[in-house]
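The residues of the chain are indexed from 1 along the displayed sequence.
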Amino acid sequence: MATYSLANERLRALEDIEREIGAILQNAGTVILELSKEKTNERLLDRQAAAFTASVLHVEAELSAQIRYLTQVATGQPHEGSSYSSRKDCQMALKRVDYARLKLSDAARTCEQMLEN
């Protein structure tokens, strides 16, 4: 259940980033519209440019964090909320147990055949 909440949290973070990219585009559009005017409002341009820069820096930081997380997941490094490594270890242990059972069964059959002869 914790894995689902972590995944939902990651998806919400990506949605927030997407909304912020929309705000960045709006800021850029406002700046372009203001620059196209005969007489520009310098204070508005400064505010929009500052908001644009802050948003771009925030989006860059958030995307970098998402990429670091995905890199950890893809390379099998331990990370919060993942049970992949533990599940893989368990699966491999079960395969080794099955293989050992098979070999012991073969050895038991061989011993029984030798005792019969």
Q | Passing option when Ser55 is tested against Gln26, Glu20, Glu60 for side-chain contact (heavy atoms from CB on, under 4.5 Å) | A | Glu20

Q. Would Arg12 and Glu15 pass as an ion pair if we require N to O under 4.0 Å?
A. no

Q. Do Leu45 and Gln48 come close enough that some side-chain heavy atom pair is under 4.5 Å?
A. no

Q) Judged by atom type as modelled, is there a donor-acceptor pair below 3.5 Å linking the side chain of Gln66 to the main-chain atoms of Leu14? A) no

Q. Between Ser64 and Arg68, do the side chains contain an N or O donor and an N or O acceptor separated by less than 3.5 Å?
A. no

**Q.** From CG (Leu33) to OG1 (Thr40), nearest 0.5 Å
**A.** 11.5 Å

Q | Shortest non-hydrogen contact between Ala49 and Val31, atoms and distance | A | N-CG2, 4.3 Å

Q) Under a single-linkage definition using a 4.5 Å side-chain heavy-atom cutoff for Ile, Leu, Val, Met, Phe, Trp and Tyr, are Ile21 and Val56 assigned to the same hydrophobic cluster? A) yes

**Q.** Side-chain ion pair, Asp98 and Lys95, N-O less than 4.0 Å
**A.** no

Q) Any salt bridge between Asp106 and Arg109, counting N to O under 4.0 Å? A) yes

Q | Nearest atoms (heavy-atom pairs only) where Phe52 meets Ile24 | A | CE1-CG2, 3.3 Å

